[in-house]
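Predicted, not measured: the structure shown is a model, and the values here were computed from it.
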Amino acid sequence: MKMLFLGCGAADYDWSRYGEAGILGSTSTLLNDTILLDCGPTVTAAMKRFNVPLENITDIVNTHNHSDHLNFDEVRKIAAVRRINFYGSQEACAELSDCCDVHPLTFGDKFTVQDVEFLALPSNHAVTNIREETFNYLISGDKTLLYALDTAWMLTKARLLIGKSHIDAIVWDATMSEPDNWRIFEHSDPVMFANIRRVLKQTGNIDENVKIWFDHRALTLWPQDIEAQEAIARREDVMLAHEGETVII
């Protein structure tokens, strides 16, 4: 399984300045060259920056419809090149049915995209309509990836859906770099994740070989110095997601 990190920033960046030093793009990941995980406002600019042709995209899998993760104009730019599949909440699908083949999801749904199986998990997050479902994903191909952005403590429903699955890699929400922030009700910090990690190891879902990336880093909640950011990652025995970086799980 191959990932290209197209954007790694949370919603507090000024994306009119995208391309300037220190300005991260909206969080999005390209999976196996063709599948977009989220499509926020900087995605097509990031694709151009990292030499990904728009016509490569066949599918977009959306976590939730906050504007930094789903920008309808960006989706339509991609869909204008070729008609694509869009997977997400019923509400998001309704907005995009004019330009995409839409696939509304609910918790527990399984679907296959380009020989990769997705399991829709409930995230610990909310959008304006608090009844609208928001997702993390367990993604299984030759390896298994837990893609968990914009989430806090793992919900019991998510844990039950994961079951005994062995997880080879995790991309985890790291909106905050330190604990004791009011955003803990829908975002994560390293202390929170360390607790979840220990329990997932106890339950046999992960082992010492798991690869972990911290992603979705907030401008105002992380040190500005990249070495200070890397020091936090080393302290937590994880890797930082870096824009333009391709990784193989």
Side-chain angles (χ1 to χ4, degrees), residues 3-7 9-11 15 18 25-48 50 52-141 145 147-151 155 157-158 161 171 173 186 215-216:
M3 294 191 295
L4 168 62
F5 294 112
L6 290 173
W15 285 313
Y18 179 67
S26 55
T27 299
S28 177
T29 303
L30 181 65
L31 187 69
N32 290 349
D33 297 320
T34 63
I35 305 166
L36 267 183
L37 305 178
D38 283 344
C39 187
T42 66
V43 163
T44 58
M47 290 173 65
K48 182 177 181 180
F50 301 124
V52 180
L54 295 184
E55 57 265 27
N56 281 19
I57 305 304
T58 59
D59 303 83
I60 296 175
V61 179
N62 183 232
T63 58
H64 63 294
N65 77 1
H66 277 154
S67 60
D68 58 319
H69 292 261
L70 179 58
N71 181 285
F72 295 119
D73 290 339
E74 291 288 283
V75 174
R76 289 190 168 91
K77 286 180 188 177
I78 296 169
V81 176
R82 63 183 295 179
R83 194 168 180 88
I84 59 174
N85 292 295
F86 179 89
Y87 300 83
S89 70
Q90 294 183 26
E91 292 83 353
C93 286
E95 288 285 340
L96 292 166
S97 60
D98 61 322
C99 63
C100 301
D101 293 328
V102 296
H103 305 270
L105 300 176
T106 193
F107 305 145
D109 282 353
K110 289 184 178 181
F111 56 99
T112 301
V113 181
Q114 305 293 325
D115 298 323
V116 179
E117 185 177 90
F118 286 74
L119 172 61
L121 307 172
S123 68
N124 193 347
H125 199 64
V127 293
T128 302
N129 175 6
I130 62 172
R131 296 182 182 274
E132 184 171 343
E133 293 179 281
T134 62
F135 303 102
N136 292 156
Y137 293 99
L138 191 68
I139 306 170
S140 302
L145 167 69
Y147 194 79
L149 296 183
D150 276 38
T151 194
L155 296 173
K157 288 180 181 179
L161 286 166
V171 176
D173 182 274
E186 61 176 354
D215 203 352
H216 196 267

- Query: Going by atom types alone, do Asn65 and Glu91 pair a side-chain donor with an acceptor below 3.5 Å?
  - Reply: no
- Note on the structure: Taken to the nearest 0.5 Å, the spacing of Lys110 NZ from Leu138 CG works out to 9.0 Å
- Nearest heavy-atom pair of Cys93 and Gly88: which atoms, and what distance? SG-O, 3.8 Å
- Candidate pair Met3 and Leu145, rule side-chain contact (heavy atoms from CB on, under 4.5 Å), full reasoning: CA-CA 10 Å; Met3 294 191 295; Leu145 167 69; 3.7 Å; yes
- Query: Which atom pair, heavy atoms only, marks the closest approach of Leu119 to Leu161?
  - Reply: CD2-O, 3.6 Å
- Ser89 side chain vs Glu133 backbone, donor-acceptor pair below 3.5 Å: no
- On a heavy-atom basis, the closest approach of Thr134 and Phe107 is O-CE2, 3.4 Å
- Taking the side chain as every heavy atom from C-beta outward, state whether Val43 and Met47 have any atom pair closer than 4.5 Å. yes
- Message: Apply side-chain contact (heavy atoms from CB on, under 4.5 Å) to residues Phe86 and Leu70 and explain how you reach the verdict.
- Response: CA-CA 11 Å; Phe86 179 89; Leu70 179 58; 3.8 Å; yes
- Side-chain touch Ile60/Leu96, heavy atoms, less than 4.5 angstrom: no
- Classify the ring geometry between Phe111 and Phe118 as parallel (under 30°), tilted (30 to 60°) or perpendicular (over 60°). parallel
- Query: Ring centres of Tyr137 and Tyr147 under 6.0 Å apart?
  - Reply: no
- In sequence, state the C-alpha distance, the side-chain angles, and the governing distance for His216 and Asp68, and then conclude on side-chain contact (heavy atoms from CB on, under 4.5 Å). CA-CA 10 Å; His216 196 267; Asp68 58 319; 3.6 Å; yes
- Task: State whether the side chain of Thr27 and the backbone N or O of Gly9 hold a donor-acceptor pair below 3.5 Å, judged by distance alone.
- Result: yes
- Query: Tell me, do Leu30 and Ile57 make a side-chain contact under 4.5 Å, heavy atoms counted?
  - Reply: yes
- Item | side-chain contact (heavy atoms from CB on, under 4.5 Å) between Val116 and Asn32, worked out | CA-CA 9 Å; Val116 179; Asn32 290 349; 3.5 Å; yes
- Ser28 and its side-chain contact (heavy atoms from CB on, under 4.5 Å) partner, picked from Thr42, Leu6, Thr63: Leu6
- Note on the structure: Closest non-hydrogen atoms of Ala10 and Trp15, given as atom of the first, atom of the second and distance, are O-CZ2, 3.3 Å
- Query: Heavy-atom distance under 4.5 Å between the side chains of Asn62 and Val75, does that happen here?
  - Reply: no
- One should read off an interatomic distance between Asp101 CG and Thr58 OG1, to the nearest 0.5 angstrom, of 11.5 Å
- Within 6.0 angstrom of Asp115 CG, more than 12 heavy atoms from elsewhere: no
- Nearest heavy-atom neighbours spanning Glu74 and Gly40: CG-O, 3.2 Å
- Message: Measuring only between side-chain heavy atoms, which start at C-beta, is Leu36 closer than 4.5 Å to Ile78?
- Response: yes
- Item | Modelled atom types, side-chain donor and acceptor of Ser140 and Glu117, under 3.5 Å | no
- Looking at CZ of Phe5 and CG of Leu37, how far apart are the two atoms once the value is rounded to the nearest 0.5 Å? 10.0 Å
- Message: Restricting to non-hydrogen atoms, name the atom on Asn85 and the atom on Tyr87 that form the minimum distance, rounded to 0.1 Å.
- Response: CB-CE1, 3.7 Å
- Query: Checking side chain to side chain donor-acceptor pair (under 3.5 Å) for the pair Gln114/Thr34: CA distance, chi angles, key distance, verdict?
  - Reply: CA-CA 8 Å; Gln114 305 293 325; Thr34 63; 4.7 Å; no
- Between CD of Glu55 and CD1 of Ile84, what distance do you get to the nearest 0.5 Å? 12.5 Å
- Apply the test side chain to side chain donor-acceptor pair (under 3.5 Å) to residues Thr151 and Asp173: give CA-CA distance (whole Å), side-chain angles for both, the deciding distance (0.1 Å), then the verdict. CA-CA 6 Å; Thr151 194; Asp173 182 274; over 6 Å; no
- Item | Distance (rounded to the nearest 0.5 Å) between Ile35 CD1 and Asp59 CG | 5.5 Å
- Here the gap from Leu54 atom CG to Lys48 atom NZ, rounded to the nearest 0.5 Å, amounts to 10.0 Å
